Amino acid sequence: MITRGKPYEARGEDAKERNIHKRRVCYITSGVPTPEQKDVIAKMEHIVSVGKVNGDPYRVMRNAEYMGIDFYEEELRADGKWHRVEDPDVAISLMQTGAL
């Protein structure tokens, strides 16, 4: 099951260069998310919406992976459609490459 997060303001040089204003994180679970998975998804949503958090945001991402939650980021482009971000730097920052 795919749970799409709330859109947040795109930050960073890449977003400015490509004129991307909104991004969101999509979470994939094997079925309906368990209450524990919902808690972790809520924590990750807080991290991406606020941007700065007390503690280690990568720990939350690792916990999400341990609990069977896969995630990726989408961006709202000029055509008005959401497209998956295929930038390798974003994949590294989301810990999708070499996370464990």
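Here the structure is a predicted model, which is why all the values come from computation and not from measurement.
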Minimum heavy-atom distance between [X] and [Y], given as atom pair plus value:
X     : Y     : answer
Arg11 : Val48 : NH2-O, 2.9 Å
Gly5  : Glu45 : CA-OE2, 3.3 Å
Val60 : Lys43 : CG1-CB, 4.0 Å
Met1  : Pro33 : SD-CD, 3.8 Å

Got a list of side-chain donor-acceptor pairs under 3.5 Å for residues 34-41, not counting sequence neighbours?
residue: Thr34; atom: OG1; partner: Glu36; partner atom: OE1; Å: 3.4
residue: Thr34; atom: OG1; partner: Gln37; partner atom: N; Å: 3.1
residue: Gln37; atom: OE1; partner: Thr34; partner atom: N; Å: 3.0
residue: Gln37; atom: NE2; partner: Met67; partner atom: O; Å: 2.8

So how far is it from [X] [atom1] to [Y] [atom2], rounded to the nearest 0.5 Å?
X     : Y     : atom1 : atom2 : answer
Asp14 : Ile20 : CG    : CD1   : 8.0 Å
Arg24 : Thr3  : CZ    : OG1   : 11.5 Å
Asp70 : Glu65 : CG    : CD    : 7.0 Å

Using side chain to side chain donor-acceptor pair (under 3.5 Å) as the criterion, list what pairs up with His83, not counting sequence neighbours. Asp79

Do the side chains of Glu75 and Arg77 get close enough for a salt bridge, i.e. N-O under 4.0 angstrom? yes

Do the side chains of His21 and Leu76 get nearer than 4.5 Å, heavy atoms only? no

Can you get from Tyr58 to Val25 by hopping between Ile, Leu, Val, Met, Phe, Trp and Tyr side chains that sit under 4.5 Å apart? yes

